[in-house]
Amino acid sequence: MSKTSQQNTTTDANGVSVIHTQAHTSGLQQVPQLVPVSPGGGGKAVPPSKQGKKNSFVDRNSDEYRQRRERNNMAVKKSRLKSKQKAQDTLQRVNQLRDENERLEAKIKLLTKELSVLKDLFLEHAHNLADNVQPVGTETTTTNPENSGQ
């Protein structure tokens, strides 16, 4: 029993190939088969909402095209100005922090010197006090002349 078959292949709008086969004993059968849209395959998948836009021809003289270009140009200018302003603000903040850091470093030096002077004064004062005070066990006893005759 020999089966003769014919194959007809068509591709629909979504890039899906449909193979029509006709066998000897049966009628037409549709077998859907996925085929990449681009011949190289393995490319990025394009969402259905973007497929029509990518393949359609854009008339560069149309009002719609000029309006889109104008809006895009304005958005680009705005974005670049915003980026430039952000860079200037950052630079200004860096300079401000650098100045504050220098001021704080100078204050640290001044306070360190002041601490050193006060520490020296304290140690000198403590040393003078220690020289003037005699230890508790070495008190000198003076004799009372009134009691010595009795």
Side-chain angles (χ1 to χ4, degrees), residues 3-142:
K3 290 185 180 179
T4 57
S5 64
Q6 278 184 320
Q7 285 188 348
N8 294 332
T9 304
T10 59
T11 304
D12 66 3
N14 293 328
V16 176
S17 291
V18 179
I19 299 174
H20 304 280
T21 58
Q22 185 175 11
H24 177 67
T25 58
S26 65
L28 282 175
Q29 295 178 350
Q30 290 187 355
V31 180
Q33 206 175 34
L34 292 177
V35 176
V37 177
S38 62
K44 262 189 170 179
V46 179
S49 63
K50 301 269 182 176
Q51 284 179 349
K53 292 181 182 179
K54 187 175 183 181
N55 293 335
S56 67
F57 174 73
V58 178
D59 182 17
R60 292 177 182 244
N61 295 324
S62 71
D63 288 339
E64 180 188 357
Y65 176 78
R66 281 187 294 224
Q67 287 174 351
R68 273 200 247 154
R69 291 302 318 141
E70 185 66 28
R71 276 185 299 194
N72 182 262
N73 290 343
M74 294 298 286
V76 167
K77 283 181 186 178
K78 185 178 177 183
S79 175
R80 288 178 182 157
L81 281 174
K82 187 176 178 182
S83 176
K84 209 180 268 189
Q85 183 64 43
K86 189 174 181 180
Q88 287 176 348
D89 290 347
T90 302
L91 183 61
Q92 182 180 3
R93 181 74 174 137
V94 165
N95 290 332
Q96 185 181 21
L97 289 172
R98 186 176 293 130
D99 292 343
E100 184 180 0
N101 191 38
E102 288 173 5
R103 184 180 55 80
L104 289 172
E105 290 286 343
K107 189 172 183 178
I108 288 172
K109 285 182 182 179
L110 179 69
L111 290 173
T112 303
K113 285 180 183 179
E114 187 177 341
L115 176 65
S116 177
V117 168
L118 290 173
K119 193 185 289 186
D120 290 344
L121 283 173
F122 175 75
L123 291 175
E124 184 180 325
H125 181 69
H127 181 67
N128 287 340
L129 282 177
D131 287 346
N132 291 337
V133 176
Q134 296 177 351
V136 176
T138 60
E139 287 186 30
T140 56
T141 55
T142 57

*Counting only heavy atoms not in Q88, do more than 12 sit closer than 6.0 Å to its CD atom?*
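Yes, the 6.0 Å shell around CD holds more than 12 heavy atoms from other groups.
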Point-to-point distance, once rounded to the nearest 0.5 Å, from [atom1] of [X] to [atom2] of [Y]:
{"X": "L104", "Y": "D99", "atom1": "CG", "atom2": "CG", "value": "11.0 Å"}
{"X": "L129", "Y": "H127", "atom1": "CG", "atom2": "NE2", "value": "10.5 Å"}
{"X": "K84", "Y": "S79", "atom1": "NZ", "atom2": "OG", "value": "11.5 Å"}
{"X": "N72", "Y": "E70", "atom1": "CG", "atom2": "CD", "value": "10.0 Å"}
{"X": "L123", "Y": "L118", "atom1": "CG", "atom2": "CG", "value": "11.0 Å"}

*Apply side chain to side chain donor-acceptor pair (under 3.5 Å) to R98 and list each qualifying residue two or more places apart in sequence or on a separate chain.*
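Scan of R98 (side chain to side chain donor-acceptor pair (under 3.5 Å), adjacent residues dropped) gives N95.
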Do the side chains of [Y] and [X] get nearer than 4.5 Å, heavy atoms only?
{"X": "E124", "Y": "D120", "answer": "no"}
{"X": "R80", "Y": "K77", "answer": "no"}
{"X": "R68", "Y": "R71", "answer": "yes"}

*asked:* Minimum heavy-atom separation for R66 and R60, please, with both atom names.
replied: CG-O, 4.5 Å
*State whether the side chain of T112 and the backbone N or O of I108 hold a donor-acceptor pair below 3.5 Å, judged by distance alone.*
yes
*Positive for side-chain hydrogen bond (donor to acceptor under 3.5 Å, both in side chains) with D89, one of Q85, K86, R93*: Q85
